[in-house]
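Notes to accompany the following structure.
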Amino acid sequence: MSDTLGTDTAEGRRSQGTPGTGGTATSVPPAPPRAAARRRGRARTRLEIAALSAPAVITFLAFVIFPVALAAYYGFYQWKGYGEPTDWVGLNNYRLILTDPAFHDVLWHNGLILVLSLLIQGPLAIVLALLLNQRIRGRSTIRVLIFVPYIISEVIVGTGWSLMLQSNGAANDLLHRIGLGSLEADWLSDPDLALWTLMAIITWKYVGFAVILMLAGLQSIPDEIFEAAQIDGASYWQIQRRITLPLLGPTIRIWAFLSVIGSLQLFDLVYIIWGQYVSGTAGTSTMAIYMLAQGRNAGNYGYGSAVAVVMFVISLAVALVYQRFVLRRDLKGAVTEGTV
């Protein structure tokens, strides 16, 4: 009797349900835990990042990492460029590179071009950018004229300058016609002038890119800062030195990084204007020219591959050091960790 009564009471309680539901029993599903939702959000974000970055990663691996690895492999052989490499020489190619006086010369040329590019193009680009940032008549036309050389093909630039700067070219003819025949020179073959000729051509071609970068950096500085400095009585040069240049620092450092890497890998202009033979005697040969002359043209692709690896290592080391000690202040805080 007590068992039956207990059962009826339990069934009655179940039939009554929860208060406020009219006696009908309902089950409310539990809310998903916050941690599980956060994990799903992070997984979705990682999947999106992987999907968007996959094409760039695949391209980088296919056209940068794989060729470098292949060049490193061939660098251990004495290889003629066809067939399977079988003549193993180990580190001998790298030892020859590091002990070759000709390689020391081209390394010095690259270093000198690097330093001169920074010292000449940087200040010139800043001055031109400050000038073109003012409201002057014909500003847009001047900007276009300065930037045009940068977009012209290196082949056209090299061919044009090589024709003008020959001994019987347009440059010497112009000097002769205006009565400055004493200034005529062998601009391309004289070792005392050839490197400066190269620097003039490089500056003419690439300073427009630096000016555009500097102008973009200047236009990102709020005008209110300059107005406040003028109200406080600061002169024009004080504003440029105390405000403009510090705020333009990140742009200058990025441009300098690009200029450094470009100087280390300079090839096309030197090859088109001087060629692999004249560049050696004129003092304008670079590591890339050395790689071509001692590798493909000498029929020793293994040695040329080793030179390519050395160039890559030098460029990578310079880039890492520059990023570590120069770009650190700009990159710090650019990538932050957050929760989804």
Side-chain angles (χ1 to χ4, degrees), residues 56 60 110-136 139-140 142-151 196 198-266 269 311-338:
F60 180 76
N110 276 104
L112 195 58
I113 292 170
L114 187 156
V115 174
L116 291 177
S117 296
L118 296 178
L119 294 180
I120 297 175
Q121 294 184 45
L124 181 60
I126 294 174
V127 171
L128 291 174
L130 290 174
L131 177 64
L132 295 177
N133 198 43
Q134 305 296 321
R135 296 180 179 178
I136 60 176
R139 179 176 62 175
S140 300
I142 298 175
R143 289 180 179 180
V144 171
L145 292 177
I146 291 177
F147 189 68
V148 162
Y150 177 72
I151 62 176
W196 295 104
L198 174 62
M199 290 309 307
I201 298 173
I202 291 176
T203 302
W204 174 82
K205 177 166 175 55
Y206 294 108
V207 73
F209 175 71
V211 170
I212 294 300
L213 284 181
M214 301 303 173
L215 281 172
L218 288 174
Q219 293 176 1
S220 66
I221 302 175
D223 294 334
E224 291 79 4
I225 299 178
F226 302 117
E227 294 173 358
Q230 291 174 352
I231 293 174
D232 291 338
S235 65
Y236 175 81
W237 295 111
Q238 288 176 331
I239 293 175
Q240 307 311 318
R241 185 165 59 93
R242 300 286 187 177
I243 298 177
T244 303
L245 290 181
L247 293 179
L248 199 59
T251 303
I252 296 175
R253 288 186 285 271
I254 290 296
W255 165 81
F257 176 75
L258 298 176
S259 181
V260 166
I261 299 302
S263 299
L264 292 175
Q265 300 176 350
L266 181 63
L269 285 177
M311 288 179 56
F312 174 79
V313 171
I314 292 174
S315 300
L316 179 63
V318 171
L320 293 178
V321 171
Y322 191 90
Q323 177 177 336
R324 176 66 177 82
F325 294 101
V326 180
L327 292 181
R328 183 180 182 183
R329 67 179 72 179
D330 302 323
L331 298 177
K332 186 176 181 181
V335 179
T336 59
E337 296 182 0

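From a predicted model like this one, the values you see are computed outputs, not experimental measurements.
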Using the test side-chain hydrogen bond (donor to acceptor under 3.5 Å, both in side chains), find all partners of [X] that sit at least two apart in sequence or belong to another chain.
{"X": "Ser235", "value": "Gln238"}
{"X": "Thr203", "value": "none"}
{"X": "Gln230", "value": "none"}

What is the distance from atom [atom1] of [X] to atom [atom2] of [Y], rounded to the nearest 0.5 Å?
{"X": "Ser259", "Y": "Leu213", "atom1": "OG", "atom2": "CG", "value": "11.0 Å"}
{"X": "Leu264", "Y": "Asn110", "atom1": "CG", "atom2": "CG", "value": "6.0 Å"}
{"X": "Thr244", "Y": "Met214", "atom1": "OG1", "atom2": "CE", "value": "12.5 Å"}
{"X": "Leu198", "Y": "Leu112", "atom1": "CG", "atom2": "CG", "value": "10.0 Å"}
{"X": "Leu131", "Y": "Ile142", "atom1": "CG", "atom2": "CD1", "value": "6.5 Å"}
{"X": "Ser263", "Y": "Leu118", "atom1": "OG", "atom2": "CG", "value": "6.5 Å"}

Taking all non-hydrogen atoms of both residues into account, name the closest pair between [X] and [Y] and its distance.
{"X": "Ser315", "Y": "Ile261", "answer": "O-CD1, 4.1 Å"}
{"X": "Ile202", "Y": "Gln121", "answer": "CG2-NE2, 3.4 Å"}
{"X": "Arg139", "Y": "Asn133", "answer": "NH1-O, 3.5 Å"}
{"X": "Leu218", "Y": "Ala129", "answer": "CD1-O, 3.6 Å"}

Less than 4.5 Å apart, side chain to side chain, heavy atoms only: is that true for [X] and [Y]?
{"X": "Leu130", "Y": "Ile126", "answer": "yes"}
{"X": "Leu269", "Y": "Tyr206", "answer": "yes"}
{"X": "Leu132", "Y": "Ile146", "answer": "yes"}
{"X": "Ile225", "Y": "Ile239", "answer": "no"}

- Assess whether atom CH2 of Trp204 is packed by more than 12 heavy atoms of other residues, nucleotides or ligands within 6.0 Å. yes
- Query: Has the side chain of Ser220 got a donor or acceptor atom that lies under 3.5 Å from a matching backbone atom of Gly217?
  - Reply: yes
- Which pairs count as ring pair (Phe, Tyr, Trp, His ring centres under 6.0 Å) when at least one residue sits in residues 233-265, sequence neighbours excluded? Phe257-Tyr322
- Only pairs at least two apart or in different chains count here, so list each ring pair (Phe, Tyr, Trp, His ring centres under 6.0 Å) that has a residue in residues 207-229.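 Every pair satisfying ring pair (Phe, Tyr, Trp, His ring centres under 6.0 Å) with a residue in residues 207-229: Tyr150-Phe209.
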- Summary of salt bridge (Lys or Arg N to Asp or Glu O under 4.0 Å) pairs that have at least one residue in residues 239-262, sequence neighbours excluded: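 Listed by first then second residue: Arg253-Asp330.
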